[in-house]
Amino acid sequence: MAKEVKDTIKVQIEAGEASPAPPLGPTLADKGVDVGDFCNKFNEQTEDKAGWTIPVVITIYEDGSYEFETKSFLTSELLKKEVGIESGSGEPNRDKVGTITREQLKNVAEKKIEDLNTSDMEQAIKIVKGTALNMGLEVEE
């Protein structure tokens, strides 16, 4: 018989740097999760991805157990690394921070497609393009 799910939490944590400090610690403790155990497991699993923010889905069961699934890197971080910029624009419609080619969009889409709501590469590229535009990147067609 399958375990009964009590709650699901979605968070973004720096790879290898989960700690019981707020906001993560209190959030997990309120749900009955052993925070220290979660932090140790997460840090071990992600230590090779230092410098990246990892989206995580934590499923908590009624019996107090939990499991977590790490997702692919944030699209915005992949775009920043692909283009070589520090951050996106505060006003993306006015202030452009860089230019990205279709090939670069495709590279990012290939890395993200498993976590996107499509399996069509063209649609994945459009999703990544939308994030790029919202960051203040100009797209070379």
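Not measured: the values here are computed from a predicted model.
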Inset, instruction - Please report the C-alpha distance between E110 and M121 in whole Å, then the side-chain angles of each, then the deciding distance to 0.1 Å, and finally whether the side-chain contact (heavy atoms from CB on, under 4.5 Å) criterion is met. - result: CA-CA 8 Å; E110 287 171 348; M121 184 53 71; 3.5 Å; yes

Legend entry - Straight-line distance of F68 CZ to T8 OG1, nearest 0.5 Å: 14.5 Å

Inset, instruction - Return yes when atom NZ of K126 has more than 12 non-hydrogen atoms of other residues, nucleotides or ligands closer than 6.0 Å, and no otherwise. - result: no

Legend entry - N/O donor-acceptor pair under 3.5 Å between E77 side chain and T53 backbone: yes

Inset, instruction - Hey, could you give me the OG1/CH2 distance between T46 and W52, rounded to the nearest 0.5 Å? - result: 13.5 Å

Legend entry - Non-hydrogen atoms of L137 and T99 that approach each other most closely: CD2-N, 4.2 Å

Legend entry - Heavy-atom pair of closest approach, residues L105 and A132: CD2-CB, 4.1 Å

Legend entry - Smallest separation among heavy atoms of F73 and K112, with atom names: O-NZ, 3.0 Å

Legend entry - Smallest separation among heavy atoms of A15 and K49, with atom names: CB-O, 3.1 Å

Legend entry - Same cluster (ILVMFWY, side-chain, under 4.5 Å), V108 and I127: no

Legend entry - Verdict with reasoning, K80 to S87, per side-chain hydrogen bond (donor to acceptor under 3.5 Å, both in side chains): CA-CA 7 Å; K80 288 191 291 188; S87 67; over 6 Å; no

Inset, instruction - Check whether the ring centres of Y61 and Y66 lie less than 6.0 Å apart, and answer yes or no. - result: no

Inset, instruction - Under the salt bridge (Lys or Arg N to Asp or Glu O under 4.0 Å) rule, collect the residues that match up with E4, sequence neighbours excluded. - result: none

Inset, instruction - Report yes or no: do L79 and I85 belong to one cluster of Ile/Leu/Val/Met/Phe/Trp/Tyr joined by side chain heavy-atom distances under 4.5 Å? - result: yes

Inset, instruction - Establish whether L78 and L133 are linked, either directly or via other cluster members, by ILVMFWY side-chain heavy-atom contacts under 4.5 Å. - result: yes

Inset, instruction - Look at the side chain of K111 and the backbone N and O of N107, then say whether any donor-acceptor pair between them is shorter than 3.5 Å. - result: no

Legend entry - Heavy-atom closest contact (A124 atom, I113 atom, distance): CB-CD1, 3.9 Å

Inset, instruction - Rounded to the nearest 0.5 Å, what's the gap from CD1 on I125 to NZ on K129? Could you check? - result: 10.0 Å

Legend entry - Donor-acceptor pair, side chain of Q104 and main chain of T101, under 3.5 angstrom: yes

Inset, instruction - Could you tell me whether the side chain of P55 reaches within less than 4.5 Å of the side chain of T70, counting heavy atoms only? - result: no

Inset, instruction - Could you go through the side-chain contact (heavy atoms from CB on, under 4.5 Å) check for M135 and S89 one step at a time? - result: CA-CA 5 Å; M135 291 175 63; S89 173; over 6 Å; no

Inset, instruction - For the residue pair S72 and E114, confirm or rule out a side-chain donor-acceptor distance under 3.5 Å. - result: no

Inset, instruction - Please step through side-chain contact (heavy atoms from CB on, under 4.5 Å) for the pair I13 and I54, ending with a clear verdict. - result: CA-CA 5 Å; I13 309 169; I54 310 285; 5.6 Å; no

Legend entry - D120 and T118 side chains, donor-acceptor separation under 3.5 Å: no

Legend entry - Interatomic distance, I60 atom CD1 to E67 atom CD [nearest 0.5 angstrom]: 11.0 Å

Inset, instruction - Measure across C39 and P20 and return the closest heavy-atom pair with its distance rounded to 0.1 Å. - result: SG-N, 3.8 Å

Legend entry - Salt bridge present between E69 and K71 (N-O < 4.0 angstrom): yes

Legend entry - Partners meeting side-chain contact (heavy atoms from CB on, under 4.5 Å) with E17 (sequence neighbours left out): E14

Legend entry - Any side-chain heavy-atom pair of E138 and I100 under 4.5 Å: no

Side-chain donor-acceptor pairs of residues 26-36 under 3.5 Å, sequence neighbours excluded:
| residue | atom | partner | partner atom | Å |
| --- | --- | --- | --- | --- |
| T27 | OG1 | P23 | O | 2.7 |
| K31 | NZ | D7 | OD2 | 2.6 |
| D34 | OD1 | G36 | N | 3.3 |
| D34 | OD1 | D37 | N | 3.2 |

Legend entry - Cluster link V139 to V128, ILVMFWY, side chain under 4.5 Å: yes

